[in-house]
Number of protein chains: 2
Amino acid sequence: MSSSALPYRPHNHQACVAQALADARTICQQHNARLTPTRERVLELIWQSHKPLGAYDVLAVLAEDGHNAAPPTVYRALDFLQQQGLVHRIASLNAFIGCTHAGERHNGMFLICRSCGNVLELTAPGVSSAVTRAAAEESFQPDNVTIEVAGYCPRCASEPAHDG
Amino acid sequence: MSSSALPYRPHNHQACVAQALADARTICQQHNARLTPTRERVLELIWQSHKPLGAYDVLAVLAEDGHNAAPPTVYRALDFLQQQGLVHRIASLNAFIGCTHAGERHNGMFLICRSCGNVLELTAPGVSSAVTRAAAEESFQPDNVTIEVAGYCPRCASEPAHDG
DNA sequence: GCGGAATTTGCAACATTATAACATTAGCAA
DNA sequence: TTGCTAATGTTATAATGTTGCAAATTCCGC
Ligand SMILES: [Zn+2]
Ligand SMILES: [Zn+2]
Ligand SMILES: [Zn+2]
Ligand SMILES: [Zn+2]
């Protein structure tokens with residue numbers, strides 16, 4: 001790959017956010033689901049960067065907004081966004097990140113940089129099929145696959161601690 | 001695969017435990033690491049079944065033992081056991097399970113049954129290499145790979161809710 | 001065995017993440 | 001309007017994990 005993926009280089013991140021929100025509106029409309037102001041705001045916050053955000057981080061920003069929110073507000077919004085396929089939960093971090101393949105059927109694989117904290121979501125058909133095959137050998141019926149790879153992104157592998 | 005893996009059928013589980021403890025003793029000796037009574041007891045508890053056990057579950061049993069333990073006791077023992085490669089943490093469940101490949105260099109892949117809760121650890125070279133390849137395409141240097149597959153085990157796929 | 005260093009454990013407090021239960025409000029349609 | 005459903009507010013609590021320091025144990029050279 002000659003040009004590195006978005007999280008690994010400077011880019012117009014406002015465009016990422018705008019695109020994500022636009023996609024979300026479309027998708028929710030298609031699903032007859034209501035993208036309420038709280039839900040939309042939470043999605044926007046999750047998209048603040050390519051680093052996953054904890055539920056309580058979201059909560060803190062909502063508080064700054066003047067929104068008098070409690071944990072259930074955030075968790076409910078996040079549950080909704082997950083159901084709509086708009087965000088993913090990163091189990092190894094207890095944190096959430098915007099889905100970069102919203103609307104597409106995909107199995108996310110996440111590359112998590114230990115140094116800068118950025119996360120890249122990949123669609124990896126080769127991995128998915130290998131997992132499916134391995135499960136099938138045990139007669140196991142996969143339902144949901146979690147693949148999270150911790151390591152070092154190209155930027156940090158050469159020189160540590162960027163903000164991306 | 002004609003005969004199903006251990007967690008999916010009745011077996012002499014005491015033999016699993018005994019083997020795991022024997023392996024642990026050998027491995028710790030090789031590493032010059034001290035398998036103290038607390039650590040050994042925690043390992044034994046983790047091996048009580050092929051279902052992952054939460055740290056506080058372990059704590060509760062220690063309390064029944066009469067061992068006046070606090071959370072750090074358990075977490076320290078678990079950290080130690082993880083470092084020795086004797087247990088794995090299942091991120092999607094916040095729980096721990098005995099490693100069935102202790103001593104071997106391996107990348108665990110976990111098949112987690114949503115119905116009976118049993119977990120099968122596989123070594124899946126095809127999956128590992130596919131993950132490595134996908135990461136390499138993004139110039140990402142993997143360090144630690146988490147692969148957890150939730151779904152239904154062969155027993156539960158046919159008829160639900162065994163105890164295994 | 002003895003004494004000092006290093007490892008391990010005990011213990012108390014605390015931090016973080018997530019959920020339960022129930023009241024209230026907003027959206028929508030008959 | 002009225003009545004239903006989905007969404008949110010509110011309070012409390014559960015579940016999971018960590019920090020910091022003191023005491024005890026173990027190891028190792030003497
Ligand atoms: Zn995605
Ligand atoms: Zn990085
Ligand atoms: Zn293992
Ligand atoms: Zn099962």
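Below, each value reflects all heavy atoms present in this structure, side chains not excepted, and no hydrogens, waters or symmetry copies. To find a chain, count down the sequence lines: A is the first, B the second, and so on, and within it residues start at 1.
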So, does [X] get its side chain near the phosphate of [N], meaning an N or O under 4.0 Å from OP1 or OP2?
X: B/H67; N: C/dG10; result: yes
X: A/T73; N: D/dG9; result: yes
X: B/N68; N: C/dC11; result: yes
X: B/T36; N: D/dT25; result: no

*Evaluate the criterion side-chain contact (heavy atoms from CB on, under 4.5 Å) for residue pair B/I97 and B/I90; output intermediate values, then yes/no.*
CA-CA 7 Å; B/I97 193 161; B/I90 308 292; 4.0 Å; yes

*When you look at CD of A/Q29, are more than 12 heavy atoms from neighbouring residues, nucleotides or ligands closer to it than 6.0 Å?*
no

Any donor-acceptor N or O pair under 3.5 Å, side chains [X], [Y]:
X: B/Q83; Y: B/H31; answer: no
X: B/R89; Y: B/N94; answer: yes
X: A/E121; Y: A/H106; answer: yes

Side-chain ([X]) to main-chain ([Y]) donor-acceptor, under 3.5 angstrom:
X: A/E148; Y: B/T146; answer: no
X: A/H101; Y: A/C99; answer: no
X: A/Q141; Y: B/A157; answer: no
X: B/N12; Y: B/Q14; answer: yes

Without decimals, in angstroms, what is the distance between [X] [atom1] and [N] [atom2]?
X: B/L35; N: C/dT7; atom1: CG; atom2: P; result: 18 Å
X: A/L59; N: D/dT10; atom1: CG; atom2: P; result: 13 Å
X: A/D65; N: D/dG9; atom1: CG; atom2: C1'; result: 17 Å
X: A/N32; N: D/dT5; atom1: CG; atom2: P; result: 17 Å

*Using five pairs at either end of the helix from C/dG1-D/dC30 to C/dA30-D/dT1, determine the angle between the two local helix axes and round it to 10 degrees.*
30°

*Output, in order, the C-alpha distance, side-chain angles, deciding distance and verdict of ring-ring contact (aromatic ring centres under 6.0 Å, His included) for B/H88 and B/F96.*
CA-CA 6 Å; B/H88 294 287; B/F96 300 82; over 10 Å; no

*Counting side-chain heavy atoms from CB outward, which of D/dT8, D/dT11, C/dT9 is closest to B/T38?*
C/dT9

*Report the relative orientation of the aromatic rings in B/F140 and A/Y8; use parallel for angles under 30°, tilted for 30 to 60°, perpendicular for over 60°.*
parallel

Distances under 3.5 Å only, N/O to N/O: pair up the protein atoms with those of nucleotides 16-25 of chain C.
residue, atom, partner, partner atom, Å
C/dA18, OP1, A/R89, NE, 3.3
C/dA18, OP1, A/R89, NH2, 2.1
C/dA18, OP2, A/Y75, OH, 3.0
C/dA18, O5', A/Y75, OH, 3.4
C/dA18, N7, A/Y56, OH, 2.6
C/dA18, N6, A/Y56, OH, 3.3

Polar pairs (N or O, both sides) under 3.5 Å between protein and nucleotides 26-30 of chain C?
none

